[in-house]
Structures are given as C-alpha cells and as structure tokens.
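Just so it is clear: chains get the letters A, B, ... in the order the sequence lines come, proteins before strands, and each one is counted from 1.
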Amino acid sequence: MTEEKEKSLNFIEEIVTEDLKAGKNGGKIVTRFPPEPNGYLHIGHAKSICLNFGLADKFGGETNLRFDDTNPVTEETEYVDSIRADVRWLGFEWENEFYTSDYFDNLYEFAIQLIKKGLAYVDDSSAEEIANLKGSPTQPGSDSPFRNRSIEENLDLFQRMHAGEFPDGAKVLRAKIDMANPNMHLRDPLMYRIKHAHHHRTGDKWCIYPMYDFAHGQSDSIESITHSICTLEFDVHRPLYDWYIEKLEIFPSHQYEFARLNLSHTVMSKRKLLQLVQEGIVNGWDDPRMPTISALRRRGFTPSAIRNFCERIGVAKRDNLIDVGLLEFCIREDLNKTADRVMAVLDPLKVVITNYPEGQVEEMHVENNPEDKESGSRIVPFSREIFIEKEDFMEVAPKKFFRLGPGLMVRLKGAYIIKCDDFVKDENGEITEIHCSYIPESRSGSDTSGINVKGTIHWVSAAHAEKAEIRLYDRLLIVEDSSSVGNDFKKFINPESLIVIRDVLVEPSLKEADLGTNYQFIRKGYFCLDKDSTPDALVFNRTVTLKDTWAKEMKK
RNA sequence: UGACCGAUGGUGUAAUGGUAACACUACGGUUUUUGGUGCCGUCUUUCUAGGUUCGAAUCCUAGUCGGUCAACCA
C-alpha cells in the first residue's frame, strides 16, 4: 500500500504542472539560481535554492547555477567560492555553472540589434539629468534631448563606447520605450553604462557593462530557462523582462515572483549583514549569530534541517515574517534523531560520594542515543568525586523540584542513585560542595534497589573530566521584526546573543570530538565543535537549547 | 496624490464554487534513567461593504490596510 498523501502544491509548482500538462517547452523544465557574487548566501537564499532546485528535482528538470556578475566593482571571486560551497553543502548539484559575463558578447550583439531596430539610443545626459527627466511614480517623465539620434549615429556612438573612447559616465545606452509609462522601469531604462573597471572573470576586456534588466532575461533565454523565479520586488521589472525578449525575438523565458523570506530576530539584507561584519559587531560572515549559510553551518545546523525548514515555510506571494522558533524546531527535530548524547557540566558543583571507595573507578556503559538503537553506547568513567550543575541543587527545594537537596535523591544518568546527606558553604554563604551517599544496588542497567526517583541529572567524574570553552548563542536581535526599526537595528542587538563560558567540564569522550559532528549535551542543548577548537583547548558552540518546560514553569 | 502585488488562527501555509485544515507556538494530560523525545487533547481563523450563486475563503465591484517601484545596484 503506497498510499502517499497528496501534498498540496505551491503556486509555482501549480504553474509548472499546468505548463507541463499543456506541453509547453517540449515538456522540459529548466530553472536557475542566480546569485550576485557580492556577498555570502543566507537563509533567505536557501529558500530560493530549495525552490529552484526542488522544482527541477520534482519535475525531472535541470537547474543552473548562474553568477549574475554584471557589476565588476562589487563582485569578487571569494564570494563565488563561498556560494558554490554553500549550495553544495545544502545538498544540491547544478547542471551547469554559468556566469552572466559568459554572455557579454551576446548581450553586446543584442544591443546592436535593438539600436538597428530603432529601439535603443545613446544618451549623453549625466546621471543627474537622467534622473530628473525620469519623473516620479506619480509624475510622468520627459524625453531626453538625445532620444532621437539616428540609428547610424547611435551605432557609431555605441561602438565607440565599447572601444573605450569615453570616460565613465559620459554616455549610456538606453532602450527607447516610453518616458510617460506609469511603470518607472519602462521609462527608457539604461541598458549599458561605461565602467573602466577590472572584472573578476573578463579582466579588462570590457569597459561597458550591461545593467541587470538588460542581462537577466536574455541570460535566462540563452540558457532556455523555462521558469525564472525571483522575489516580489522584481514584479515591476517583468514588463521590461518580457519587452527585451519580445523585441529580440529570443527564447521566451518567463519570470515568476514569490515573497522573500523574512526571519524574526535577525536582519537579512546584504547591506546590513555587511555592516555587522565591517563594524566588528559580529566576528565575520560565519559568526554563528549570523543568518548566513556559513554561520548556520558553523553553529551546527544541518542541511536537512534547513531544507526541511524551507519546505515548512511554504512559498506564496504575501509578505511574511517567519518566527525563528520554527527554524529552531527544525534543527531540534533533526538532531534529536541523529545526535549522540554526552554529558557536560556548564556550571560545576562538586559532589563527594562519601560511601564510594576512594580511588575506585567504574566504567559505566551509557547509551548514545535513545532515539536510535543502532547508535550503541560509550564508556563513561565514574568515581567518588563528580561534578553536577549548580542549578541541580537547592538548599530549600520547592515542591516539584525533582533534583538534589538535603535528603533528596536523584539518578545520576547512566550510573547510580544518590542521596544528598550534607553540604558545605563558604564564608559568603555560597554552596561549594555537597556530600552524598550512593545506593550500590541501583547501578544503571542492573538496578535491584526498587527505588524510584523522579529526577535524573547529568554529571562528570572530577578526575576524568576535560575542560572546554562553550559559546552559547542566542537570537541576534531582541526585536521580532527588524524592518520595524529600520537602520536602527544595531541598537537592538541581543546582549546575550553570545555568552562565552570557560572551564566547562565535559566527559572524556569529547576529547575525540570531530568538527562537523553534532552532540546533545544532555539536558543542556545541542552542541558542536567549533573551528577555533584545538586538541588542547576544546571549543563548542551551542546550536540550540533543548525545550525547557521546567524553566518555563519557574518563570511563572 | 500613480502603477503593480497582496490580505485565511499568535506565526506560516492549505482548501482551486460544496463540512475552513495542516504545521509551528501557547496551554493541559500521559509516557520517560534527559523537566528532552514520543503519544493524546484544548484554545484560536477567512480585512470591510455590496453583488453573482441553491451555495463564496474562492468569482465581480468598491473601500480599508500592508508591501513594492523614482541606483549608470542586483
């Protein structure tokens, strides 16, 4: 019985389904992911990546990775490399790797064609003059004095622009459409500008570069992209996208727009992210507080959790603000099933088990993951002196406190039940040490004591523990919707977005921790080794906390 | 004061003229050697006003609210 429930399609999948049914494009579907290599990919890009590659996967098509590199002054190879790595890490493989700059010759030829058709002209106006004549959304623009040059003159001028005869900004090539069109993008948009700049791929071959609008649709067309998917703000560009394709009489790619991802408690714009990096508010693009793919990776997120998140948030056209809690849910859901459990004590309190023989060490076999029976077990040494969390002991315990306090009993995870007999305070009234006795018959796995305890706590053996540094990460901003505070977002950085704890005590097995392996520190959250870690100085990042209903209860 | 896009629980997303549902959140219960996980349950929804129709979240009209558009950026 393969009774799979028909999952409803998003509106783009519906369009594709209909196109396929109608036999459009010979039953083929080709998409593309077109980042500009001027920054790092973030979770919003992941949504687009999952959409584009997912569509091709689902309908038997192909997806190209195309670097939209038409602006030589902002684009760099460093970004190309990081983007490639991020897309692969997310689990996608592209059919072709292309660059808009691959098409500079074609684009130049397209421009000549439009000039010859009397649909493009060279304008000597300055940027300011062009802006002034453009009008405003509510006010029609007016024609440039250069609008009616002859085809011959335009051809000559454009070729001389190409040949490098003019300085930057002296002239532009514009499409001749309609200066009074209610759509600003149709008011004789710029096609080419002069930039005597070195390009990361074409070097110094060109001194004129095409604008986005004159490059994107034609690049789609050259690659026979059937469904060109972009975000909502390009909706107003679509008439122009179609205009170029129509006038050039080339393969009719079509553009479809969806609402970009907005995530709560963070910023997503490249400009703002760059600001955080440049002003040292975070420690680079992969600072685990950033919403970039590289940061999420470093923080311990998995590709499948991110893909799952992108699936859950859906695809539609209305503006949205996704609660980062959903992303946290997705990573917990994944890691719960896959991450091995280990023990680490973040805020240690010494426990002496007074009736346990001095010098004795027992090797406890502790299961790695109760959710995965295949995961086996590991050995954790137990001895007379151990450390537990300070917060797991209270001198005066409230009624439902299932942990340690005078006379109270708990199970030490994977070991014995202990009972608190006494505790030691220093001159400040601070509890420095507690004394317990253990129940020898209660050893985990062979418990004949018949004692039932409510609480189980984690611990590490004092003589065997490793020291580590732990970095606790939390949401970047204290405001939900960063768009509500605009450029003031830096005033809302969460002061607790990063808390470093040194001298954390972790169980000895973590000495062998690998980069890229996720762990659950029992009762504390999911962690992974950070790249700053060395064999002598372990560093772990907290990916996300565990759900903590007790903490919630205490807040009431 | 123009053009375009949008509006379904707290947050997202479905329902494609025929019983408004799914996930997350919140809250309760249960299980548990993680106050984790699992399982069960509860709360909460069609922007407004007209119209078409036997029947409207869905179609039409108007309004309201939100977003986008005036870079030689993409």
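Residue contacts shown for A:Asn336 include a base, since a base heavy atom lies under 4.0 Å away. Residue-level contact check: A:Gly169 touches the bases, meaning some heavy atom is under 4.0 Å from a base atom. Here A:Phe402 lies in heavy-atom contact (under 4.0 Å) with a base. Nucleic acid contact class of A:Gly141 (heavy atoms, under 4.0 Å, all strands): none. Residue contacts for A:Val73: at a heavy-atom cut-off of 4.0 Å it reaches no nucleic acid atom on any strand shown. The residue A:Gly414 sits close to a base: some heavy atom pair falls under 4.0 Å. Heavy atoms of A:Lys337 sit nowhere under 4.0 angstrom from any nucleic acid atom. A:Tyr209 comes within 4.0 angstrom of no nucleic acid atom, judged by non-hydrogen atoms across all strands. Using a 4.0 Å heavy-atom cutoff across all strands shown, A:Ser126 reaches at least one base atom of the nucleic acid. Within 4.0 Å (heavy atoms only), A:Thr549 reaches sugar-phosphate atoms of the nucleic acid but no base atom. Within the 4.0 angstrom heavy-atom criterion, no nucleotide atom of any strand lies near A:Pro34. Note on A:Arg341: a base of the nucleic acid sits closer than 4.0 angstrom, heavy atoms only. As judged by a 4.0 angstrom heavy-atom cut-off over every strand, A:Ser125 is placed among the base-contacting residues. Among the atoms of the strands shown, base atoms are found under 4.0 Å from some heavy atom of A:Arg403.
Close to B:A26, at under 4.0 Å from its OP1 or OP2, lies a side-chain N or O of A:Lys552. A close approach under 4.0 Å does occur between a side-chain nitrogen or oxygen of A:Arg193 and OP1 or OP2 of B:C73. OP1 or OP2 of B:A74 sits under 4.0 Å from a side-chain N or O of A:Thr70.
Counting to the nearest Å, the P atom of B:A26 and the CD atom of A:Glu553 are 13 Å from each other. A:Phe258 places its CZ atom 12 Å from the P atom of B:U13, with the value rounded to the nearest Å. In this structure, A:His185 places its NE2 atom 18 Å from P of B:G2, rounding to the nearest Å.
For A:Glu367 against B:U33, no side-chain N or O and base N or O form a donor-acceptor pair under 3.5 Å. Residue side chain A:Arg411 reaches the base of B:U33 through a donor-acceptor N/O pair under 3.5 Å, judged by distance alone. Put simply, the side chain of A:Ser444 and the base of B:U33 share a donor and an acceptor less than 3.5 Å apart.
Within the 6.0 Å centre-distance limit, the rings of A:Trp459 and A:Phe382 are counted as a close aromatic pair. For A:Tyr519 and A:Tyr526, the ring centers are positioned 6.0 Å apart or more. The distance between the ring centers of A:Tyr244 and A:Phe214 falls below 6.0 angstrom. You'll find the ring centres of A:Phe11 and A:Tyr256 outside the 6.0 Å limit.
Comparing B:C39 with B:U31, their P atoms sit 16 Å apart, to the nearest whole Å.
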Please list, pair by pair, any protein nitrogen or oxygen found under 3.5 Å from a nitrogen or oxygen in nucleotides 9-12 of chain B.
from  : atom 1 : to       : atom 2 : distance (Å)
B:U11 : O3'    : A:Leu321 : O      : 3.2
B:U11 : O2'    : A:Leu321 : O      : 3.1
B:G12 : OP1    : A:Leu321 : N      : 2.8
B:G12 : O2'    : A:Ile313 : O      : 2.8

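Ring-to-base geometry does not place A:Tyr212 in a stacked arrangement with B:A74 (centre distance under 5.5 Å, plane angle under 30° required).
When A:Tyr209, A:Phe104, A:Phe158 are each tested for a ring pair (Phe, Tyr, Trp, His ring centres under 6.0 Å) with A:Tyr192, only one passes: A:Phe158. Under the side-chain contact (heavy atoms from CB on, under 4.5 Å) test applied with A:Ile457, the options A:Val351, A:Val345, A:Ile388 reduce to a single match, A:Ile388.
Here the side chain of A:Glu36 is nearest to one of B:A74, B:C69, B:C72, namely B:A74.
Cation-pi geometry between A:Arg201 and A:Tyr99 is met: under 6.0 angstrom from the ring centre, within 45 degrees of the axis.
Helical stems in RNA chain B, defined as runs of 3 or more consecutive Watson-Crick or G-U wobble pairs with donor-acceptor distances under 3.5 Å: B:2-7 with B:64-69, B:10-13 with B:21-24, B:26-30 with B:38-42, B:47-51 with B:59-63.
With hydrogens and angles left out, the side-chain atoms of A:Tyr212 and A:Asn71 include no donor and acceptor closer than 3.5 Å.
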